[in-house]
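First up is the structure itself, then whatever we jot down about it.
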Amino acid sequence: ALMSKMLIAEKDRPKVKAECLRLLAKLKLNPARMQLISGFVDTYLKLNQLEELEFKKEVSTFSKPEQETVMQITTSWMEQGLEQGLEQGLTREKELVLRLIRRKLGQITSELEVQIKALDIDKVEFLGEALLDFSTVDDLKAWLVSQQT
């Protein structure tokens, strides 16, 4: 993990990252520790697109079991990134809908905000369209009630 924090020559970065993960795979740590250390490596040894290609080429030279373990580690990073991206996107969408509601209807109660923030992505999208037809906060309340059934 410390190798990833060192000043590494640009040309060696993909090889160092691959070797860090190969060594990590050989340690056979429990999943939580492996994720912690691999996350450190990924955070401090970010690769650009060209370096990623070199990294994959380097990993392809590993034994089959090492390749599989390293790919499992990198897949977990991608899954984590996707989850975080989806959460951030949903939060941003909810904030946008709340801003639009405030602009159209004025300030709303914190209880209504909580209800809106609890909506899933599909309902937030429907609310974004429905709010164009709202004239009052009561319209918003009625819409929220209709979504509970």
Subject >> Ionic contact status for Glu113 with Lys94, cut-off 4.0 Å >> reply: no
Original post:
With a cut-off of 6.0 Å (strictly less than), are more than 12 heavy atoms of other residues, nucleotides or ligands near NZ of Lys104?
Top reply: yes
**OP:** Calculate, to the nearest 0.5 Å, the distance between atoms CD and CG belonging to Glu54 and Asp12 respectively.
**Re:** 11.0 Å
Original post:
CG/Leu47 to CD/Glu10 distance, rounded to the nearest 0.5 angstrom?
Top reply: 10.0 Å
Subject >> Which residues share a side-chain hydrogen bond (donor to acceptor under 3.5 Å, both in side chains) with Glu51, sequence neighbours left out >> reply: Arg13
**OP:** Check whether any side-chain heavy atom of Leu127 sits under 4.5 Å from a side-chain heavy atom of Leu119, and report yes or no.
**Re:** yes
Subject >> Transitive ILVMFWY side-chain link Val114 to Leu112, under 4.5 Å >> reply: no
Original post:
Rounded to the nearest 0.5 Å, how far apart are CD1 of Ile108 and NZ of Lys141?
Top reply: 10.0 Å
Original post:
Are the side chains of Leu98 and Lys117 in touch, meaning some heavy atoms are under 4.5 Å apart?
Top reply: yes
Original post:
Ser63: what forms a side-chain hydrogen bond (donor to acceptor under 3.5 Å, both in side chains) with it, not counting sequence neighbours?
Top reply: Glu66
**OP:** Report the C-alpha separation of Arg22 and Lys17 in whole Å, then their side-chain angles, then the decisive distance to 0.1 Å, and conclude whether the side chain to side chain contact (heavy atoms under 4.5 Å, CB included) test is met.
**Re:** CA-CA 9 Å; Arg22 186 178 66 77; Lys17 187 168 187 173; over 6 Å; no
Subject >> Pairwise distance NZ(Lys15) to SG(Cys20) - rounded to 0.5 angstrom >> reply: 12.0 Å
**OP:** Report the distance from atom CD1 of Ile121 to atom CD of Glu93, rounding to the nearest 0.5 Å.
**Re:** 3.5 Å
Original post:
Counting only N and O atoms by type, is there a donor-acceptor contact under 3.5 Å from the side chain of Gln67 to the main-chain atoms of Phe62?
Top reply: yes
Subject >> Heavy-atom side-chain proximity of Val124 to Ile116 below 4.5 angstrom >> reply: no
Original post:
Looking only at heavy atoms, which two atoms of Met71 and Val59 are closest? And how far apart?
Top reply: SD-CG1, 4.1 Å
**OP:** Find out whether Gln115 and Gln148 are in side-chain contact, i.e. whether some heavy atom of one side chain is under 4.5 Å from a heavy atom of the other.
**Re:** yes
Subject >> Spacing of Glu125 atom CD and Asp120 atom CG [to the nearest 0.5 Å] >> reply: 9.0 Å
Original post:
If Ile, Leu, Val, Met, Phe, Trp and Tyr residues are connected whenever their side-chain heavy atoms lie under 4.5 Å apart, and connections chain through other members, are Val16 and Leu53 in the same group?
Top reply: no
Got a list of side-chain donor-acceptor pairs under 3.5 Å for residues 132-139, not counting sequence neighbours?
from   : atom 1 : to     : atom 2 : distance (Å)
Thr136 : OG1    : Asp138 : N      : 3.3
Thr136 : OG1    : Asp139 : N      : 3.3
Asp139 : OD2    : Ser135 : N      : 2.6
Asp139 : OD2    : Thr136 : N      : 3.1

Original post:
Between Arg92 and Glu95, does a salt bridge (charged side-chain N to carboxylate O under 4.0 Å, His left out) hold up when you go through it step by step?
Top reply: CA-CA 5 Å; Arg92 291 185 68 156; Glu95 290 301 325; over 6 Å; no
Original post:
Within a radius of less than 6.0 Å around CZ of Arg33, do more than 12 heavy atoms belonging to other residues, nucleotides or ligands occur?
Top reply: no
